[in-house]
Amino acid sequence: MTLKIYNVLTRKKEEFVPLVEGRVNMYVCGPTVYDYSHVGHAKTYGNFDVIVRWLRYLGYDVLYVQNITDVGHMLDTGEDRVLKKARQLSAEPMQIVETYMRQYFADMDALGIQRPDISPRASGHVPEQIEMIEELIAKGHAYEVNGSVYFDVTSFPEYGKLSGRVLEDQEEGSREAVRTEKRHPADFALWKKADPEHILHWPSPWGEGYPGWHIECSAMATKYLGPTFDIHGGGIDNIFPHNECEIAQSEAANDEPLARYWMLVGSLTLDGVKMSKSLGNTLTVREALERWPAEAIRTFILSSHYSSPIDFSDEAVEAARKGWQRIWSAVVLVREQLRRAPEGEISDEVDVLVDATKAAFTEKMNDDFNAPAALAVLQDFTRQVNTLLNEQGPQTSGSLAAIDQLYRELGGDVLGIIPDEAEMGADAEREEGLIRLLIELRAQARAQKDWATSDRIRDQLRELGVVLEDRPDGTIWKFE
RNA sequence: GGCGACGUGGCCAAGUGGUAAGGCAGAGGUCUGCAAAACCUUUAUCACCGGUUCGAAUCCGGUCGUCGCCUCCA
């Protein structure tokens with residue numbers, strides 16, 4: 001069974017063949033760190049998180065690079081995003097960058113998104129960027145004007161091959177000052193001369209200045225992954241001009257294809273409207289996490305294919321949360337029963353079920369990382385597990401362990417929606433002991449048909465976020 | 001105007017040639033001291049029109065509609 005990936009470059013689903021057997025070099029465009037990350041970031045990096053997890057599950061040795069943009073990303077007013085924020089807060093630009101970069105990692109951590117192997121920062125790779133720009137000038141792909149350097153798009157005939165845009169169709173940009181310097185309206189900045197008030201700047205062969213936005217990705221990808229690597233990812237909204245410019249720069253400088261497979265994820269809208277900094281309708285990851293568990297947000301993100309756009313709304317996330325809860329409840333039940341299960345080998349029935357589930361799940365994920373279909377496999381599995389536990393007496397420890405293991409692998413390691421253990425505080429053991437004690441007392445009350453006491457314990461625990469469920473074989477509990 | 005997606009049951013969403021996965025919501029039922037959970041049953045011919053084919057949600061053409069990008073955004 002082989003992995004297939006939809007390659008945006010060829011607009012076809014292709015069999016994945018890495019450059020070096022067993023190894024995957026991968027680059028994903030990262031965020032500009034000048035504000036809190038929002039749920040759009042959660043989708044993009046959550047999607048790639050599962051993609052990387054699946055590649056690793058398949059046994060690939062993955063090197064995952066995701067940049068941090070901390071300089072050069074301009075607003076349409078020509079201002080640097082970071083500098084603008086710094087001025088607003090009367091802070092050092094690098095202070096802003098540091099603050100939001102830490103916050104970005106904290107937010108992604110909270111969502112269970114595994115960190116990239118390398119998170120290179122643009123400001124830390126200025127020499128590499130200058131070097132690439134010099135190479136481009138030397139090869140006739142770039143030219144200098146008044147201390148700024150622009151890429152000459154007419155020198156790269158394949159410009160537009162990713163996004164399908166043709167140069168002649170492009171309308172001219174609106175930045176008058178910039179436009180007059182450029183030979184062609186579609187030419188883009190590799191290096192910008194620093195204005196006197198622009199406090200973030202570096203010396204270069206063309207005077208004091210700073211790198212353009214696109215060049216960082218080309219320079220850093222080349223540095224860490226080589227001139228050609230396996231997968232380049234990012235959000236579909238960056239297909240033009242950013243990704244297109246990356247290809248032009250890298251391929252013009254290195255004389256080699258930049259990436260073999262391009263994977264772009266669909267955008268996220270909020271209540272039907274595209275979330276954007278300029279519109280101000282953003283929902284931050286921290287805000288979302290105050291309302292839903294990380295696993296529920298992940299489940300929502302994974303409930304449609306990575307390449308599709310999704311609409312974030314209370315109802316949609318809530319529906320996903322309930323769907324996730326169903327799976328999680330089954331996991332809790334399995335683990336609870338495992339504590340006191342009779343020793344024994346795995347039953348034939350469970351053995352077959354687990355194998356079939358794994359095979360179905362693998363088939364879906366290998367088909368261009370079809371997480372929603374894989375999730376459905378897990379839902380199907382859950383229904384069968386519930387039936388088994390409810391209607392067929394106690395299962396052996398071998399069977400329960402196999403079921404638990406499958407949840408850990410597919411639900412935990414791959415999809416990241418099944419925690420290893422229920423999240424508990426520092427006094428976890430004491431807390432669990434207290435809950436079990438209360439359950440025991442309640443069992444005594446129930447035996448004496450003292451429903452008042454019994455219900456009081458259940459109701460008050462519920463208020464504390466502990467849900468009790470009475471089953472024929474005893475009471476189980478879980479956090480809400 | 002150009003480029004690119006998309007339009008599947010009440011909602012979300014898989015499925016890209018052989019008579020429609022899954023989740024949520026709804027209805028009925030089983031179980032239960034009650035509750036919760038779970039399980040069972042139940043709701044679609046795939047925007048519309050035309051074409052190709054023995055056969056299409058799935059391919060081709062057209063119509064209508066939604067969205068993204070073309071300017072900062074993951």
Side-chain angles (χ1 to χ4, degrees), chain A residues 8 11 13 28-32 35 37-48 66 73-79 81 160 163-166 168-171 173-175 186 213 233-242 244 264-269 272-279 282 299-300 303-305 307-311 313 315-327 329-330 332-333 360 364 367 370-380 382-391 446 449-451 454-455 458-459 462 467-472 475-476 478:
Chain A
V8 179
R11 309 261 164 205
K13 204 183 276 187
V28 171
C29 290
T32 303
D35 208 340
S37 37
H38 51 65
V39 288
H41 295 115
K43 166 166 164 55
T44 298
Y45 302 119
N47 283 148
F48 281 111
Q66 184 194 110
H73 205 156
M74 253 106 56
L75 295 166
D76 50 7
T77 55
E79 284 178 295
R81 290 173 170 287
S163 59
R165 282 167 217 264
V166 184
E168 291 72 53
D169 296 338
Q170 300 305 313
E171 287 181 25
S174 56
R175 297 179 210 161
W213 171 36
I236 186 75
D237 47 338
N238 272 338
I239 190 172
F240 190 90
H242 182 65
E244 204 65 74
L264 301 177
V265 307
S267 297
L268 178 147
T269 51
V273 184
K274 165 134 195 186
M275 203 165 48
S276 80
K277 305 286 163 68
S278 46
L279 286 178
T282 55
T299 301
F300 165 69
S303 67
S304 80
H305 192 253
S307 61
S308 302
I310 57 175
D311 185 49
S313 65
E315 305 76 59
V317 180
E318 191 55 24
R321 204 210 96 234
K322 287 178 181 163
W324 166 74
Q325 186 80 47
R326 179 164 168 276
I327 297 175
S329 295
V332 169
L333 179 57
K364 299 304 181 187
D367 183 14
N370 195 336
L375 206 51
V377 170
L378 226 45
Q379 288 285 8
D380 264 330
T382 296
R383 191 187 65 251
Q384 295 177 78
V385 166
N386 278 324
T387 298
L388 206 65
L389 298 183
N390 288 334
E391 294 173 12
R446 291 183 73 215
K449 296 198 190 305
D450 178 3
W451 309 127
S454 152
D455 290 351
R458 185 174 62 197
D459 293 346
R462 165 135 224 159
V467 182
L468 301 189
E469 287 173 21
D470 295 325
R471 301 177 51 80
T475 299
I476 64 165
K478 65 191 167 201

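Order of the sequence lines sets the chain letters (A, B, ...), proteins ahead of strands, with each chain counted from 1.
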Return no unless some side-chain N or O of A:K322 is found under 4.0 Å from OP1 or OP2 of B:C12.
no
From C-beta outward on A:D237, which listed nucleotide comes closest to its side chain: B:G22, B:C39, B:A74?
B:A74
What is the nucleic acid contact for A:A376, judged by heavy atoms within less than 4.0 Å: base, sugar-phosphate only, or nothing?
base
With a non-hydrogen cut-off below 4.0 angstrom, is A:Y45 in contact with a base, only sugar-phosphate, or nothing?
sugar-phosphate
Go through A:T299 and A:R321 one step at a time and tell me if the side chain to side chain contact (heavy atoms under 4.5 Å, CB included) criterion holds.
CA-CA 7 Å; A:T299 301; A:R321 204 210 96 234; over 6 Å; no
Short side-chain N/O contact from A:S163 to OP1 or OP2 of B:G2, under 4.0 Å:
no
Using a strict threshold of under 4.0 Å (side-chain N to carboxylate O), is an ion pair present between A:D459 and A:R462?
no
Closest of B:A14, B:C39, B:C3 to the A:N386 side chain is B:C39
Candidate nucleotides B:C3, B:A5, B:A14, ranked by approach to the side chain of A:R165 - the nearest
B:C3
Going by an N to O cut-off under 4.0 Å, is there a salt bridge joining A:R458 and A:D455?
yes
Looking only at the side chain of A:S304 (C-beta and beyond, no hydrogens), which of the listed nucleotides B:A74, B:G22, B:A13 gets closest?
B:A13
Under 4.0 angstrom, heavy atoms only, what part of the nucleic acid is A:E391 near: base, sugar-phosphate, or nothing?
sugar-phosphate
Name the nucleic acid region contacted by A:H38, choosing base, sugar-phosphate or nothing; use a 4.0 angstrom heavy-atom cut-off, strictly under.
base
A:H242 has an atom NE2; how far is it from atom C1' of B:C70, in whole Å?
16 Å
Remember a base hit wins even if backbone is also touched, and classify A:G30 as base, sugar-phosphate or nothing at under 4.0 Å, heavy atoms.
sugar-phosphate
Between the protein and nucleotides 28-37 of chain B, which nitrogen or oxygen pairs are less than 3.5 angstrom apart?
from: B:G33; atom 1: N7; to: A:R446; atom 2: NH2; distance (Å): 3.4
from: B:G33; atom 1: O6; to: A:R446; atom 2: NE; distance (Å): 3.3
from: B:G33; atom 1: O6; to: A:S454; atom 2: OG; distance (Å): 3.2
from: B:G33; atom 1: N1; to: A:D455; atom 2: OD1; distance (Å): 3.0
from: B:G33; atom 1: N2; to: A:D455; atom 2: OD2; distance (Å): 2.8
from: B:C34; atom 1: O2; to: A:R458; atom 2: NH2; distance (Å): 2.6
from: B:C34; atom 1: N3; to: A:R458; atom 2: NH1; distance (Å): 2.9
from: B:C34; atom 1: N3; to: A:R458; atom 2: NH2; distance (Å): 3.3
from: B:C34; atom 1: N4; to: A:D470; atom 2: OD2; distance (Å): 3.0
from: B:A35; atom 1: N6; to: A:D470; atom 2: O; distance (Å): 3.2
from: B:A35; atom 1: N1; to: A:D470; atom 2: N; distance (Å): 3.1
from: B:A35; atom 1: N3; to: A:R458; atom 2: NH1; distance (Å): 2.9

Answer with base, sugar-phosphate or nothing: what part of the nucleic acid does A:L333 contact at a heavy-atom distance below 4.0 Å?
nothing
